[in-house]
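Order of the sequence lines sets the chain letters (A, B, ...), proteins ahead of strands, with each chain counted from 1.
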Amino acid sequence: MNTFFLGMALFLVLNILAGLWRVLKGPEPADRMVAAQLFGTTGVAALLLLAQALESPVIRNAALLFALLTVMAVLAFVRNTSYRDKHNNDH
Amino acid sequence: MTINELLSVLFCLSGGVFFLAGTAGLIRFPDTYSRLHALTKADNLGLGFIVLGLIFVAGSLPETIKLVLIWPLAMIGSSSACYFIANHVHRLTRNKGITRD
Amino acid sequence: MPELLVLIPFTAALLCFILKGVLRSLAALLGASLTFSASALLAADVYQNGAIRISLGGWDAPLGIGLSADGLSVIFLLLTAIVGLMVSIYCVPFFSGLHEQPLARHFWSLWMFLWGSLNSLFLVSDVFNAYVVLELVSISAAALAALSGTAASLRAALRYFLTAMAGSMAFLLGVGFIYAQAGTLDMFLVGSSGGDGPLMAMALGLMTVGLIMKSALFPFHFWLPPAHGEAKAPVSAILSALVMKGSFFLLLRIWFNVFQDSSLTVHAASVLGFLGLFAVIWGSYQAIIQSRLKLIIAYSSIGQMGYLFLLFPLVLTTVDAAWKIEAWTACVFQAVSHGLAKASLFLAAGNLIQASGTDNLRSMRNIAGSLPMTTFTLALAGISLMGLPPSGGFVAKWMLLQSILASGQWWLAAAPILGGLLTAGYIFKILSQAFVPGAEGACCKPVCFVMEKAALVLAIFSILIGFRAEEVIFLLTDRICAANPGGFWP
Amino acid sequence: MNLAFDLLVGLSLVWVAWRIVGSRDHFQAVVLFITFGLILSLAWTRLQSPDIAIAEAAVGAGLAGVLFMDALGGLSSSPGSPRPAVPLTLLFPCLILASIMAIAVLFVPEDFLGLIPVVHGALTDTSLEYPVTAVLLDFRAYDTWLELGVLLVAVLGVMGIRRIGSISGSRLPAPADPVGRWIIRILLPIMVLIGGYLLWLGAFAPGGAFQGGVVLAAAGVMLWQAGHPSLGLLPRLWWIVLLFCGFLSFLILAFWSLFHSGRMLAHPENKLWILGVEYAATISIATCLISLVLASPGRCRVRDN
Amino acid sequence: MNSLLIYSITATSLFTIGLMGLAAHPNLIRKIISLNIMAGGVFLFLISLAYHPDDPGVDPVPQAMVLTGIVVTISATAFALCLARRITEITGSSRLEDKPEDTDS
């Protein structure tokens, strides 16, 4: 049973690696941010599966935390790029 | 293989399929808006299915509650992030006056 | 009570951040004098009844962290105490001037934190604890260097900080390798559990490279001249007199306590010797061709640090035990006299800059007339750096020459001979400017009496220690706490 | 299956690191670094150390991401330098170094036990059950104290560079759209709740001062991003108390235990002291990290808008 | 080829890649990112020593070391980033020495 969950976690990590291609190629900074947000959700799922596979319920706290934190990076990204563009538009 | 484990395997597999769809969408779709589309819908659904699958094999009640709590949080997080990015890209294109294809 | 040496500066640091104006200077001076007296008491205690080893929190060696105060660490603690007290006295008027006032709060708290971390570095006896203390020393030193706020000083501080961080990371990886081999983190336990094998070789290599980066030995010296040149005078005095000695002291601990009876160190010793030799010649040569006073002194730090690294080939490849004590005394005297002389040089340079406005040598003309005390300090410190007979520098270079000749590695003799010549070169370059009758119009703002006195006292100390060699030798021979009673030369 | 998972995580870590170093666009490097932090958290989870996974997640995705994005904000992004990111002359010595270290790692003994028996042996006579928290707060309390010192010195250094006495001034423009404010109002209480939960958990399960402090710091930074001055609201004295309370509690403990029982940093018998020190450390870590993120942009940001 | 070996070799290669990045990139922010990668590598090495799949579980001392190391690294990174931002504000170029030929600011 645990090997199945570990296999699923492995599959999700493969998903993240595949998503990395978009981060590398992504023409716009926004596309890269989209990929980063995708990895956040996939990371939460992978952590949950690992928590079940390794029978240590504490890892769920890490998953809970992760679900909240990906938003931080996106907020920072939006705040910074808009600040700079508004800045560029001024002069 | 008890009925619980069978159900949990089933749900986790379907969750995995949705994640695969999300990643495929991320890679294949032409522009940012459609990629956001893939990200938000497919992934949240995938996470939901995996959480559902794990609930069957989760041990005690508090674990289940924690699992159930994670899914809406992740959904709030990812949908608002999607909104921010979409809003940001829209403001960028409007400022530059060019229309994105 | 070695713990007091760590507690008092940290308390003073917190107080200095909270208090304002005169109260802050009072708290700083009180902290400095208390730390000075605590170091002196500890030195007397170790001198009388031997090395002290404490396990903190009551947990013994393999689990808990310990503090160890032996002969070597007490000498460096005394050096830090004397230089620290004098720099603190110098800084009270320096930072109460109108221009420096806003920086006072940050300077005093960072300086007290640095002093406390240096004291705990000299008392260290746990390898991972050494990493955390090194990090604390690097961050506070970089923050102090960045206080002057000019673009050049910020760049120098960031270059220094990045090199220090890379050095700490290499050191931490070395700690990982030591833990993989010995299973414990206490230096003396690791030392007694044998130091051979590929893991320990890797650990020795990584730690040595990490600490060399932090003490600016030759290949990694690029960050030092701008960092010390651009910082404020008392800050550059602290940096080159004390902070560089800290990472060198840790290198001594690693080589002679952790890898005490391992055969690895013998092979690597000559490499360090060559780098030290090259540093002496290259640093002193660069010092001669500089035009700014503070850069001359900064490059001379690189040169003088090179002497310290000659210790490794001398001690590890010599067969005759008697000459090893000579080499040890030479290295320790060089460290102490260089620390004192360099601090007084930088403080005197600070006085000159405050008086004449710029630190360019040509503007230094005719200072013998207007600032006689500072010129006298420059001369005294120069004597000690060059190694003329009465001074501590002379004892160091003399013993260095003797142990080099005794150990038969004649090519190392180039360092004291050529180095001494080149050092004389740049010291006379500075002094010659002082007596040349320059343009009368050079305005000379009055320099506070206390600031000149502090620089002078440091210079006098660096001359005086030349006369007190027996206590230092006694501390080095009988007061060393190493795993086996033989100390550094089993 | 375990081996496959380890191999995949290991290879993806190395590959992402290589892409970070090799990429030409700075923003791409930052996003890759956030992903690197995520995969590293997975590695910590796989290596059975969940509290490090929590700390890495909070620090990597939460604080480091925001710090780097801010730093990039100040930089007008350009397409990146034309020449290859990593010159070949540097590649060769680094390859040698990597291979030497890889060979050295092979000699790590299989049955390496480290200090496990010693810690479990001594666990009985401390009042903490969970070994990691016991090592952090009791056996090696000196390390934790100096590490709080490092945090404090970093805050002092940043304020010295910015020439400010406190962080009361730094406040961001509120995000234009209501969603930004709305999401903060929902996620923030939950994060504070998790921070407290992790701190309380620390006594007997993975969690404790560090994880609680880092999560609270992430909550504070999130509040700041929503335009709220978060810690800037506090009067200067209160902010100083919060900043120093962790370091101060260790200082008081050191003085008291030195003069009371002659052994510095020896915790007294009743459990309240250790819990008090742990809570103070949590608050101090959270305040220091928030002050670091708030103080680094300096006041110039507020004046421009 | 157990997991201790895989993670240790990954750790040492991360350390080397970080060192390479630190030496290769003129831009300050890239240098600080490389430093964090080096730190990640070192911590991974420490924890790979502490990990035993079955018998006595995980060694708490390296875990405590890595926790302390993570907090030290984040505070050092924040300090270095503030320095880098200040340099960029004053000199306009985010590099240590302003070589004229590179336009990358």
Discussion item. Using side-chain heavy atoms (C-beta onward) and a distance below 4.5 Å, is T91(E) in contact with R155(C)?
Written reply: yes
Worksheet item: Looking at T68(E), V61(E), L35(E), T12(E), which makes the most heavy-atom pairs under 4.5 Å with chain C?
Response: L35(E)
Item to complete: Carefully, step by step, assess V42(E) and V175(C) under the rule side-chain contact (heavy atoms from CB on, under 4.5 Å).
Response: CA-CA 10 Å; V42(E) 171; V175(C) 167; over 6 Å; no
Practice prompt. Identify the residues of residues 179-186 of chain C whose heavy atoms come closer than 4.5 Å to a heavy atom of chain E, ordered by number, or report 'none'.
Written response: Y179(C), A180(C), L185(C)
Discussion item. Tell me whether the rings of F79(E) and F161(C) are parallel (<30°), tilted (30 to 60°) or perpendicular (>60°).
Written reply: perpendicular
Worksheet item: Can you name the closest pair of heavy atoms from L22(E) and A166(C) and give their distance?
Response: CD2-CB, 3.6 Å
Response to the item:
For residues 139-154 of chain C against chain E, heavy atoms under 4.5 Å, the residues are I139(C), A142(C), A143(C), A146(C), G149(C), A151(C), L154(C)
Worksheet item: CG/L83(E) to CG/L162(C) distance, rounded to the nearest 0.5 angstrom?
Response: 8.5 Å
Discussion item. I need the K31(E) NZ to L158(C) CG distance, nearest 0.5 Å.
Written reply: 9.0 Å
Worksheet item: Which pair of heavy atoms, one from E135(C) and one from A76(E), lies closest together, and at what distance?
Response: OE2-CB, 4.0 Å
Practice prompt. Report yes if some heavy atom in the side chain of M169(C) is under 4.5 Å from a heavy atom in the side chain of T73(E); otherwise report no.
Written response: yes
Worksheet item: What part of A84(E) is in contact with chain C, defined as an atom under 4.5 angstrom from a non-hydrogen atom: side chain, backbone, both or neither?
Response: both
Item to complete: Sort and list the pairs that fulfil ring pair (Phe, Tyr, Trp, His ring centres under 6.0 Å) and have at least one residue in residues 124-150 of chain C, not counting sequence neighbours.
Response: F128(C)-Y131(C)
Discussion item. Can you list the residues of residues 196-231 of chain C that sit under 4.5 Å from chain E, counting heavy atoms only?
Written reply: L206(C)
